[in-house]
Amino acid sequence: MPFSGETTPSEESLWSSSPACREMESKVSEGGLNVTLTIRLLMHGKEVGSIIGKKGETVKKMREESGARINISEGNCPERIVTITGPTDAIFKAFAMIAYKFEEDITNSMSNSTATSKPPVTLRLVVPASQCGSLIGKGGSKIKEIRESTGAQVQVAGDMLPNSTERAVTISGTPDAIIQCVKQICVVMLESPPKGATIPYRPKPASTPVIFAGGQAYTIQGQYAIPHPDQLTKLHQLAMQQTPFTPLGQTTPAFPGLDASPPASTHELTIPNDLIGCIIGRQGTKINEIRQMSGAQIKIANATEGSSERQITITGTPANISLAQYLINASSPDPDPHGRNTFTA
């Protein structure tokens with residue numbers, strides 16, 4: 001075995017049973033252990049807590065025993081990215097420790113449960129979309145081979161993760177099956193490097209939905225509607241009072257007796273192409289919601305060949321435009337330190 005450190009008998013037998021894994025073994029032995037991989041995992045908060053452990057003891061032990069670098073993304077997000085980097089043997093050891101830790105969590109949770117069947121361990125990899133074709137194979141042949149030879153369930157998401165060029169690859173099964181599956185996926189990733197630039201997925205901080213009722217803004221927290229900060233409420237009230245357009249399905253003025261609305265003006269924003277999808281939303285739901293909440297007319301220009309940006313034109317009163325801008329920014333990921341997500345007027 002070319003891998004330093006200890007492996008369990010089950011891991012060793014799994015590793016040697018597949019032609020793809022034997023191919024990886026020969027690659028690693030030919031090139032020494034200088035093949036360095038970076039694998040990204042998408043985890044929920046509870047899973048991350050299990051990996052970190054009390055006072056960070058679990059992740060510290062995983063780092064020391066595997067020899068891999070394990071980094072966990074910061075932020076108050078419902079999802080976090082766990083990045084594992086190192087030589088192939090260190091990567092596999094880290095994955096084994098994570099898979100067995102999750103199985104331990106499942107076993108512990110079942111001791112207080114009436115469930116009779118034990119759920120499988122599930123890990124979600126984040127893989128550049130340009131590598132997913134090789135992972136699936138012609139007519140699904142490669143993914144079928146991986147499923148049959150490892151006994152793990154493997155699903156490649158059809159859609160890319162929001163505002164990225166990466167997809168989630170979900171692996172479910174016993175820890176041993178998952179370890180073997182990850183090894184075969186690594187073979188594919190080594191053989192088929194990503195094509196072009198990859199926009200990595202960055203989980204968005206938890207955002208609570210905002211609703212407007214009776215001129216007041218509320219955020220939904222659990223089963224309760226909590227009044228939203230005054231500034232947004234006032235902005236919404238002002239936008240609705242000053243809207244120069246008749247609300248949908250309404251033939252009479254929304255606020256009879258008010259003075260004439262301020263004249264409409266136009267404001268333009270420039271949005272990067274890779275962020276336009278999260279502003280439009282599935283089948284236009286998000287942009288329609290922004291139009292209704294702000295009272296503004298919003299037009300998105302068609303993509304121009306050779307341009308990496310799209311023009312958004314907002315028409316309405318200053319209050320309409322301000323609220324529309326606020327909602328557009330709230331729909332997009334946080335600006336990065338290099339300013340690539342900063343919208344220019």
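Quick caveat: nothing in here was measured; it's all calculated off a predicted structure.
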Mind checking the CD1-CG spacing from I185 to L37? Nearest 0.5 Å is all I need.
->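 Going from CD1 on I185 over to CG on L37, the span is 12.0 Å.
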Gap between atom CZ of R167 and atom SG of C132 - 0.5 Å precision |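 It is 5.0 Å, given to the nearest 0.5 Å.
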State plainly whether the residues [X] and [Y] are in salt-bridge range, i.e. N to O under 4.0 Å.
{"X": "K118", "Y": "E103", "answer": "yes"}
{"X": "K183", "Y": "D89", "answer": "no"}
{"X": "E57", "Y": "K54", "answer": "no"}
{"X": "K61", "Y": "E64", "answer": "no"}

Measure the shortest side-chain to side-chain distance between [X] and [Y] over non-hydrogen atoms and say whether it is less than 4.5 angstrom.
{"X": "Q311", "Y": "T270", "result": "yes"}
{"X": "M43", "Y": "F102", "result": "yes"}
{"X": "T58", "Y": "I51", "result": "no"}
{"X": "R69", "Y": "T85", "result": "yes"}
{"X": "I279", "Y": "I287", "result": "yes"}
{"X": "I300", "Y": "I276", "result": "yes"}
{"X": "I171", "Y": "T150", "result": "no"}
{"X": "Q325", "Y": "I314", "result": "yes"}

[X] and [Y]: which non-hydrogen atoms are nearest, and at how many Å?
{"X": "Y201", "Y": "E79", "answer": "OH-OE1, 2.9 Å"}
{"X": "A168", "Y": "L161", "answer": "N-CD1, 4.1 Å"}
{"X": "I106", "Y": "P120", "answer": "CD1-O, 3.6 Å"}

Are a donor atom and an acceptor atom from the side chains of [X] and [Y] found within less than 3.5 Å of each other?
{"X": "S172", "Y": "T122", "value": "yes"}
{"X": "N288", "Y": "T285", "value": "no"}
{"X": "D105", "Y": "S50", "value": "yes"}

Is there a path from L135 to I91 through hydrophobic residues (I, L, V, M, F, W, Y) whose side chains come within less than 4.5 Å of each other?
->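 Cluster IDs for L135 and I91 match.
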Sole residue of K195, E191, M189 in side-chain contact (heavy atoms from CB on, under 4.5 Å) with Q131 =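 When side-chain contact (heavy atoms from CB on, under 4.5 Å) is applied between Q131 and each of K195, E191, M189, only M189 qualifies.
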So Y100 and D176, side-chain hydrogen bond (donor to acceptor under 3.5 Å, both in side chains) or not? Walk me through it.
-> CA-CA 9 Å; Y100 282 112; D176 287 346; 2.4 Å; yes
